[in-house]
Amino acid sequence: KQEVTQIPAALSVPEGENLVLNCSFTDSAIYNLQWFRQDPGKGLTSLLLIQSSQREQTSGRLNASLDKSSGRSTLYIAASQPGDSATYLCAVRPAGTYKYIFGTGTRLKVLA
Amino acid sequence: GAGVSQSPSNKVTEKGKDVELRCDPISGHTALYWYRQRLGQGLEFLIYFQGNSAPDKSGLPSDRFSAERTGESVSTLTIQRTQQEDSAVYLCASTLYGRDTEAFFGQGTRLTVV
């Protein structure tokens with residue numbers, strides 16, 4: 001059974017710092033992995049999708065990497081801003097299925 | 001529409017009543033998902049639609065929960081005889097058909113059972 005874990009559960013950093021969020025999954029047989037952000041009381045906003053054949057994806061200040069064989073993904077946020085404060089979720093799509101399995105998220109607070 | 005739309009945004013109901021939650025996916029998205037998020041917890045998969053058929057209902061927690069979809073558009077999640085443990089945010093997502101498609105989520109319906 002696929003399980004997704006995110007560490008740390010919460011993180012507080014000063015503005016301008018570069019930071020890394022971690023996601024690990026137990027079964028490497030996945031189609032893809034997607035990173036989302038969730039603001040309080042809101043739905044999820046898609047940030048990056050990495051296909052199983054890819055190693056990384058970049059969008060602006062965000063860079064996500066995928067090491068499928070070790071069951072790990074990282075989300076790198078450069079030059080963090082207070083507006084980056086949110087909960088970050090990763091989700092994997094196990095091979096052979098169409099559903100997404102989510103981690104419990106990392107709650108990020110960027111201090112001005 | 002421009003994004004996934006869910007209604008109502010908030011719903012307060014009395015224990016034992018039935019509720020219907022609605023999801024309008026992005027036009028052209030054939031796949032539709034329902035998830036539940038309890039306070040402080042992760043997202044739990046409920047059901048997946050491809051068109052108007054539901055090949056994966058494995059996450060529906062009990063027979064009080066049901067969902068249907070009209071063609072490749074609107075979906076309704078119905079909870080009968082609501083219980084307090086049903087209180088959660090119910091999130092809907094849609095994607096194009098295919099294994100490597102990006103999921104887009106609605107803003108969710110916050111259900112409170114009193």
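By convention in this document, chain letters (A, B, ...) are assigned in the order of the sequence lines, proteins followed by strands, and residues within each chain are numbered from 1. In this text the structure is predicted, and so the values were computed from the model without any measurement. What you see below is based on every heavy atom in this structure, not just the backbone, and it leaves out hydrogens, waters and symmetry mates.
- Pairs engaging residues 83-98 of chain B under the salt bridge (Lys or Arg N to Asp or Glu O under 4.0 Å) rule: B:R64-B:D86 [sequence neighbours left out].
- A:I77 and A:L66 fall within a single hydrophobic cluster, where Ile, Leu, Val, Met, Phe, Trp and Tyr are joined by side-chain heavy atoms under 4.5 Å apart, directly or via other members.
- Of the two parts of A:L48, neither the backbone nor the side chain holds a non-hydrogen atom closer than 4.5 Å to a non-hydrogen atom of chain B.
- There is a path of hydrophobic side-chain contacts, each under 4.5 Å, that joins B:F105 to A:L89.
- Taking hydrophobic clusters as Ile, Leu, Val, Met, Phe, Trp and Tyr residues chained together by side-chain heavy-atom distances below 4.5 Å, A:V4 shares a cluster with A:L11.
- Note on B:I26 and A:L47: separate hydrophobic clusters, where clusters join Ile, Leu, Val, Met, Phe, Trp and Tyr whose side-chain heavy atoms are under 4.5 Å apart, directly or indirectly.
- Only the side chain of A:L49 has a heavy atom closer than 4.5 Å to any heavy atom of chain B.
- Tracing side-chain contacts under 4.5 Å through hydrophobic residues (I, L, V, M, F, W, Y), one reaches B:L111 starting from B:L60; they form part of the same cluster.
- Counting heavy-atom pairs closer than 4.5 Å to chain A, the top residue among B:A103, B:G106, B:G59 is B:A103.
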Any donor-acceptor pairs between chain A and chain B, under 3.5 Å? If so, list them.
residue : atom : partner : partner atom : Å
B:Y33   : OH   : A:R93   : NH2          : 2.6
B:Y33   : OH   : A:Y98   : O            : 2.4
B:Y35   : OH   : A:Y100  : N            : 2.9
B:Y35   : OH   : A:Y100  : O            : 2.7
B:Q37   : OE1  : A:Q38   : NE2          : 2.9
B:Q37   : NE2  : A:Q38   : OE1          : 3.1
B:S58   : OG   : A:K99   : NZ           : 3.4
B:G98   : O    : A:R93   : NH1          : 3.0
B:R99   : O    : A:N32   : ND2          : 2.6
B:R99   : O    : A:R93   : NH1          : 2.8
B:D100  : OD1  : A:N32   : ND2          : 3.0
B:T101  : O    : A:Y100  : OH           : 3.1
B:E102  : OE2  : A:S46   : OG           : 2.5
B:A103  : N    : A:Q34   : OE1          : 3.3
B:A103  : O    : A:Q34   : NE2          : 3.3

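- Contacts between B:L43 and chain A at a heavy-atom distance below 4.5 Å involve backbone atoms as well as side-chain atoms.
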